[in-house]
Amino acid sequence: MFEFNYRSIGMFEPIFHSHTFYEVYYFHEGKCNYLIGDQIYNLSPGDLILMNGMTLHCPKVDPEIPYIRSIIHFDPAILRPYLELPQAVPVMRPFEQFKNYRLCLRGKEKEELEQILLVMLSHQQRGDKVGESRLLLAFVDMLHFIYDQCLQPLGEQREVPSDKEKTVQEIIALLEDVYMDDELSMELLHSKLHLSKSYLAKIFKDVTGVTLFEYVYRKRINEAKILFLLHPSLSVTEVSFRLGFKHLAHFSRLFKQQVKITPEGYKKELKKDRQLHKQLEGEGN
DNA sequence: AGGCACTGAGTTATCTGACG
DNA sequence: CGTCAGATAACTCAGTGCCT
């Protein structure tokens, strides 16, 4: 699995999502707050984000100003041939070490990365086998560049967040602890943070682009998918209770809303995948 | 028959915009 | 940063269908 999208325009994509592969996200221009897991990044041109796809992420975009970014999705398995060379540098370490990470590239470093992106684009545009292979090599080069940057002492990587963003960061930190709690409510957040319920709702949406409970439910449904994957024997009811839902009906409806398929249907799909996988393995031997 | 997953519809909580 | 009120979305209960 390898996908490269050069300088694509993001207009309206407040879609909170996760995926099973890794992502490299480079911000070219525009205005964007990026919410990844429990962190909010106020992106500036030259920012590069490394992401473990299982972490929920979503950009919060100003619809007036289109923003331009390049995105690379990849399955680390495709890099194996390059990583097993005797002199190989462990370029995947930054992805493994930090669940997600932002590099602020400026000046020479920014130019170098953009140069690599251009090279990748030219290889991609050839559209043949050689192009494909060189695209991958250029990407491996990019990973070396990233690895190198991660070794540099962090000259200030972080902008100073506004008070509002700090508060939202606090809300998110709190939610990280309690998002699976079945007693979670605005009342609880209000009592812990001493801010009015409507104000909490307002600044959260302002900064992240999603409502508070949308954030919570995205996290829960994401967790549900992981539970179904790792523990096929768990029933839908059991999973819904573990995630803090008081009613199966509620979980079922939200799951279908987000995943476009019922939880039971999702389990069945996973089962089919597993059987297919086994079958292919059997034929392989 | 009994358990489980899902849906319809009324109730309740959250969201959002206006205003102080 | 808070309050208020109307709009919207989530919660809950009751009921249905499917499977064993």
Side-chain angles (χ1 to χ4, degrees), chain A residues 11-18 31-33 35 38 40 42 56-64 160-275:
Chain A
M11 283 290 277
F12 310 99
E13 56 165 353
I15 304 155
F16 216 171
H17 59 289
S18 73
K31 245 180 115 175
C32 176
N33 272 1
L35 178 62
D38 57 354
I40 302 161
N42 208 327
L56 274 177
H57 50 281
C58 89
K60 195 259 178 172
V61 186
D62 181 343
E64 300 295 309
V160 180
S162 67
D163 285 351
K164 199 158 79 169
E165 283 167 0
K166 273 189 219 158
T167 309
V168 172
Q169 198 74 69
E170 263 180 67
I171 301 173
I172 291 176
L174 179 58
L175 289 179
E176 284 300 305
D177 287 340
V178 301
Y179 76 95
M180 289 202 281
D181 187 338
D182 62 354
E183 296 300 322
L184 177 59
S185 66
M186 288 303 269
E187 195 58 49
L188 181 88
L189 297 176
H190 159 71
S191 69
K192 297 246 183 201
L193 295 164
H194 309 291
L195 289 166
S196 80
K197 291 184 263 184
S198 55
Y199 181 64
L200 284 173
K202 197 161 16 191
I203 59 171
F204 194 90
K205 179 75 185 273
D206 262 6
V207 173
T208 67
V210 293
T211 68
L212 237 150
F213 278 80
E214 200 179 334
Y215 174 83
V216 168
Y217 294 133
R218 293 280 165 184
K219 280 187 78 71
R220 285 187 183 178
I221 300 299
N222 196 48
E223 198 68 34
K225 286 172 156 180
I226 295 171
L227 281 176
F228 284 139
L229 187 67
L230 298 181
H231 307 285
S233 59
L234 285 179
S235 69
V236 175
T237 310
E238 175 62 25
V239 167
S240 88
F241 289 152
R242 282 195 189 191
L243 296 174
F245 289 97
K246 287 199 191 87
H247 296 267
L248 173 64
H250 185 209
F251 168 66
S252 182
R253 207 186 312 261
L254 279 177
F255 193 97
K256 191 174 170 190
Q257 219 174 60
Q258 286 179 32
V259 190
K260 312 291 175 213
I261 178 173
T262 62
E264 187 62 27
Y266 186 80
K267 279 185 69 168
K268 281 186 183 142
E269 291 287 316
L270 286 177
K271 193 174 171 186
K272 244 195 266 170
D273 281 354
R274 269 193 298 273
Q275 279 167 350

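Order of the sequence lines sets the chain letters (A, B, ...), proteins ahead of strands, with each chain counted from 1. Note that these values count all heavy atoms, side chains included, but never hydrogens, waters or copies made by symmetry.
No more than 12 heavy atoms of other residues, nucleotides or ligands sit less than 6.0 Å from atom NZ of A:K256.
Under the side-chain hydrogen bond (donor to acceptor under 3.5 Å, both in side chains) criterion, A:K246 pairs with no residue, sequence neighbours left out. Contacts of A:F245 classified as ring-ring contact (aromatic ring centres under 6.0 Å, His included), with partners at least two apart in sequence or in another chain: A:Y217, A:H250, A:F251. A:E170 pairs by the salt bridge (Lys or Arg N to Asp or Glu O under 4.0 Å) definition with nothing, not counting sequence neighbours. Scanning for salt bridge (Lys or Arg N to Asp or Glu O under 4.0 Å) contacts around A:E264 gives an empty result, with sequence neighbours left out. Among residues two or more places apart in sequence or in another chain, the salt bridge (Lys or Arg N to Asp or Glu O under 4.0 Å) test is passed with A:R253 by none.
Rounded to whole angstrom, the span from the CZ atom of A:F255 across to the P atom of C:dA10 amounts to 16 Å. What separates CG of A:L212 from P of C:dA10 is a distance of 13 Å, to the nearest Å. Protein atom NZ of A:K256 is 15 Å distant from nucleotide atom P of C:dA10, rounded to whole Å. Across the protein-nucleic acid pair, A:L254 atom CG and C:dT12 atom C1' stand 13 Å apart, rounded to whole Å.
Near DNA chain B, defined here as any heavy-atom distance below 4.0 Å, there are no residues from residues 170-182 of chain A.
Nucleic acid contact class of A:K205 (heavy atoms, under 4.0 Å, all strands): sugar-phosphate only. A:T262 comes within contact range of the sugar-phosphate backbone alone, with a heavy-atom separation under 4.0 Å but no base atom that close.
Taking CG of A:D182 as the start and CZ of A:F241 as the end, the distance is 10.0 Å to the nearest 0.5 Å.
Residue pairs meeting the ring pair (Phe, Tyr, Trp, His ring centres under 6.0 Å) criterion with at least one partner in residues 183-205 of chain A, sequence neighbours excluded, are A:F204-A:Y215. Within the structure, salt bridge (Lys or Arg N to Asp or Glu O under 4.0 Å) contacts touching residues 187-196 of chain A (residues at least two apart or in different chains) are A:E187-A:K197.
Nearest heavy atoms, A:V236 versus A:P263: CG1-CB, 3.6 Å. Heavy atoms only, all atoms of each residue included: A:R220 and A:D181 are closest at NH2-O, 3.2 Å. Across A:E269 and A:I261, no two heavy atoms sit closer than the pair CG-CD1, 3.7 Å.
Chain A approaches DNA chain B within less than 4.0 angstrom (heavy atoms of the protein), and the contacting nucleotides run 5' to 3' from B:dA5 to B:dA18.
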Is there any protein nitrogen or oxygen under 3.5 Å from a nitrogen or oxygen in nucleotides 4-9 of chain C, and what are the pairs?
none

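Contact of the A:V207 side chain with the A:T167 side chain is not registered, since no non-hydrogen atoms from C-beta on lie closer than 4.5 Å. Taking the side chain as every heavy atom from C-beta outward, A:L189 and A:L195 never approach each other to under 4.5 Å.
Taking 4.0 Å as the cut-off between side-chain N and carboxylate O, A:K219 and A:E223 do not count as a salt-bridged pair.
Between A:F255 and A:F228, the ring planes are perpendicular. Angles over 60° get that label, and only those under 30° would be called parallel.
Within the helix from B:dA1-C:dT20 to B:dG20-C:dC1, the inter-axis angle between the opening and closing five-pair segments is 30°, rounded to 10°.
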Would you mind building the protein contact string for nucleotides 13-20 of chain C? One character per nucleotide, 5' to 3', B for base within reach (heavy atoms under 4.0 Å), S for sugar-phosphate only, - for untouched. B-------
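A close approach under 4.0 Å does not occur between any side-chain nitrogen or oxygen of A:Y199 and OP1 or OP2 of C:dG2.
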